[in-house]
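Input: a single structure, listed below in structure tokens.
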Amino acid sequence: MVDETLGLLTLNALMYAAGAGLLLLVRWTSVAGLRRWVGLGYLAGVAWCGVAGGILLVCGLSFDRVEIAVVCAIPPGLAGLASRFRNGDQAREAQPAGLGWLAAPAICIAGLAVVRAVVQPLGTGAWDAWSFWTPKAESIVYFHGLSGGFLRSGVANADYPPLIPALESAAFRFMGQFDTTLVHVQFALLFLAFVAAAGELLRGRTDSRILAAVLIVIAAAPAMYRQSTDAYADVPLAVFVSLGALLLWIGARERLPASFGLAGLLLAAAMATKAEGTLFTAAVTLSLLGVARRGRLQILAAPLAAFAVTAVPWHLWLAANHVHGLYSFHPGYLTDHADRFGRALAHLGGDLFNPILWLLLPVLVLVAIWVGVGGERRAEALFVLGTVVLSILALDVTYWGSSYPFEWYLRTSASRIVTTPLLVAATFAPLLLSAKRRG
Amino acid sequence: MVERDRLIRIVLVAALAFSALAAVAEAYASFNAVRHDSGRSWHQSETDVIRGQHLNPAVFMRISALVPASAAYAVSIRPGLGNTVNGQAFAALLRSWLLPRLQVPTHHARWHVIWGEPVPACCRTWSVGRVYPDEPPVVVVSDG
């Protein structure tokens with residue numbers, strides 16, 4: 001147990017080093033300022049490692065310990081080289097950052113999920129984790145890379161992108177064995193890092209008490225907790241999309257090129273996590289394009305670049321290796337089963353506002369949007385509303401035209417799939433609630 | 001203005017109150033998890049997942065002892081069993097448990113795991129036990 005924990009810590013330290021290097025490379029902060037961006041640095045490192053891992057696997061490499069170490073060493077190395085040519089030209093400090101003690105309760109609550117993930121074996125409900133995420137990661141280690149044979153053997157969701165299996169396989173390699181309990185700490189760490197990173201990014205841009213309160217409400221939401229400890233990919237997806245959206249907004253509003261770069265990386269990670277990542281990224285991008293007054297080219301460029309480096313190579317690999325998922329979309333169902341539209345919408349709405357899953361988080365989000373629309377944050381409120389509406393409509397159509405048994409599909413996935421639109425909205429809630437009234 | 005601020009305050013306080021209760025419950029659950037589950041090996045946890053699906057872990061162990069680690073194998077499950085939630089769990093857990101052995105189509109395999117389907121008379125067979133008490137036993141067949 002000690003050796004495995006040390007191995008996992010080493011991997012996470014390497015990923016943090018990669019993320020810190022990225023923050024320096026894009027001139028998000030200076031070396032002295034890194035301590036104030038631990039959450040964002042860690043998430044950037046995980047996203048970098050996961051996206052790069054996916055690309056290496058698609059290229060036929062095995063993503064072993066040496067390759068992981070090299071991948072993680074690239075950003076700090078490039079940042080070191082770049083600093084020599086910048087001749088002391090200081091990075092523009094991206095906002096009055098730092099977490100602040102007010103975020104401590106939320107960090108502690110999210111930290112409980114990490115403690116639980118260390119010791120608690122997977123529950124029987126963690127179907128996706130033991131039926132395909134972890135076996136896919138094990139197959140990467142056994143077969144020294146992606147195995148077409150394994151993915152064609154009937155494994156569920158064989159066509160899901162490779163980020164989660166790549167990260168889990170990296171954890172197995174550093175732990176030295178297939179510890180299928182400890183590996184799920186990675187998921188809880190992402191949840192914890194999200195709370196920290198959201199706090200770091202929003203502090204100075206919102207009322208700090210409102211920020212602290214919203215972070216607590218997010219961290220204590222039972223669904224976030226349960227999905228993190230059950231090792232579902234929905235929380236990592238929601239984390240990447242939410243922070244990607246926030247960074248995209250910051251880039252457009254404050255004309256920060258570094259912010260667009262980091263947004264592109266996190267959205268790439270979202271697209272490499274689950275197929276829905278592309279849908280949610282499209283919803284974020286279209287909504288922001290609709291309300292942004294400037295930076296439209298960069299708003300479009302970041303997700304397009306992300307799509308080019310993740311989804312395109314992955315789908316080429318799937319086609320070349322004759323790997324297919326079981327999901328198929330039947331346009332004919334849109335007319336033949338027209339009643340599904342309303343039923344799926346009602347189910348998704350029910351899960352989105354389910355107090356057992358989210359407590360009062362959705363109510364808080366609704367009030368935030370209402371306050372934002374009537375206040376100085378009208379554009380941000382419309383952006384959040386647009387993202388949620390477009391995401392829910394896209395999901396609705398996905399269920400509507402699905403070849404899967406309709407009721408079963410909704411019952412087994414809708415409560416998790418709404419995590420991303422809700423978390424995107426909740427991430428912007430402190431900004432909206434802090435808005436002053438217009439006029 | 002006052003009404004708006006009051007609404008924000010009321011919603012925030014109510015949301016925080018519910019969250020505080022949930023956080024206490026989670027802290028208690030985490031404490032219990034540390035007390036009950038720390039020191040437990042991941043091997044035990046894997047068999048617990050199998051038991052959690054109401055499946056018999058001994059069946060998985062016997063199959064993995066029979067099929068060589070470098071072999072490919074095929075699985076045939078009677079549709080009436082394979083279409084159930086527990087039948088799908090059996091197929092998924094078996095695929096994971098038998099790694100690095102690869103599951104392949106029937107005509108490519110020398111080893112066959114058969115559950116509820118007719119067993120060919122030509123080959124060596126081993127009954128590896130019942131996944132559930134009321135269902136037929138799982139049989140491993142080798143045509144080698």
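Throughout, protein chains are lettered first and strands after them, A, B, ... in sequence-line order, and every chain is numbered starting at 1.
- Looking at every heavy atom in both residues, A:Val217 comes nearest to B:Ser19 through CA-OG, 3.5 Å.
- Heavy atoms closer than 4.5 Å to chain A are found nowhere in B:Val104, neither backbone nor side chain.
- Closest of all the heavy-atom pairs between B:Arg4 and A:Trp370 is CG-CZ3, 4.4 Å.
- With a threshold of 4.5 angstrom between heavy atoms, A:Leu112 approaches chain B through its backbone and through its side chain.
- Both the backbone and the side chain of B:Ala89 come within contact range of chain A, judged by heavy atoms closer than 4.5 Å.
- In terms of non-hydrogen atom pairs under 4.5 Å with chain B, the most contact-rich of A:Leu182, A:Ile218, A:Val367, A:Thr180 is A:Thr180.
- Here A:Pro135 is the residue among A:Pro135, A:Ser131, A:Ala368, A:Pro355 with the most heavy-atom pairs under 4.5 Å with chain B.
- Note that CG of B:Leu102 and CZ of A:Phe143 are 4.0 Å apart. Values are rounded to the nearest 0.5 Å.
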#### Entry: A:Phe132 vs B:Arg95, side chain to side chain contact (heavy atoms under 4.5 Å, CB included): CA-CA, chis, key distance, verdict
CA-CA 9 Å; A:Phe132 67 89; B:Arg95 189 181 298 111; over 6 Å; no
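- With rounding to the nearest 0.5 Å, the separation of OH in A:Tyr142 from CZ in B:Arg101 is 8.5 Å.
- Annotation: B:Tyr132, atom OH; neighbour count of heavy atoms from other residues, nucleotides and ligands within 6.0 Å is above 12.
- More than 12 heavy atoms of other residues, nucleotides or ligands shown are found within 6.0 angstrom of OH on A:Tyr327.
- Within the 4.5 angstrom heavy-atom criterion, atoms from both the backbone and the side chain of A:Leu433 approach chain B.
- Interface residue A:Val155: backbone and side-chain heavy atoms are both found under 4.5 Å from chain B.
- Across A:Gly154, A:Ala156, A:Ala221, the residue that shares the most heavy-atom pairs under 4.5 angstrom with chain B is A:Gly154.
- Among the candidates B:Ala15, B:Ala92, B:Ala14, B:Ala17, the residue making the largest number of heavy-atom pairs closer than 4.5 Å to chain A is B:Ala15.
- Residue B:Arg9 holds its CZ atom at 8.5 Å from CZ of A:Arg209, rounded to the nearest 0.5 Å.
- Heavy-atom minimum distance, A:Tyr225 versus B:Ser30: OH-OG, 4.3 Å.
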### Task
Decide side chain to side chain contact (heavy atoms under 4.5 Å, CB included) for A:Val115 and B:Val34; before the verdict, give the C-alpha distance in whole Å, the side-chain angles of both, and the deciding distance to 0.1 Å.
CA-CA 8 Å; A:Val115 172; B:Val34 170; 3.6 Å; yes
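- A 4.5 Å side-chain heavy-atom check between B:Leu16 and A:Ile216 finds at least one atom pair inside the cut-off.
- Counting heavy-atom pairs closer than 4.5 Å to chain B, the top residue among A:Cys108, A:Ser147, A:Ala220, A:Ala117 is A:Ala220.
- In this structure, CH2 in A:Trp130 is found 4.0 Å from CD in B:Gln53, a value given to the nearest 0.5 Å.
- The two residues B:Leu99 and A:Ser139 have their closest heavy-atom pair at CD1-N, 4.2 Å.
- Taking every heavy atom of both residues into account, B:Leu12 and A:Ala213 meet most closely at CD2-CB, 3.8 Å.
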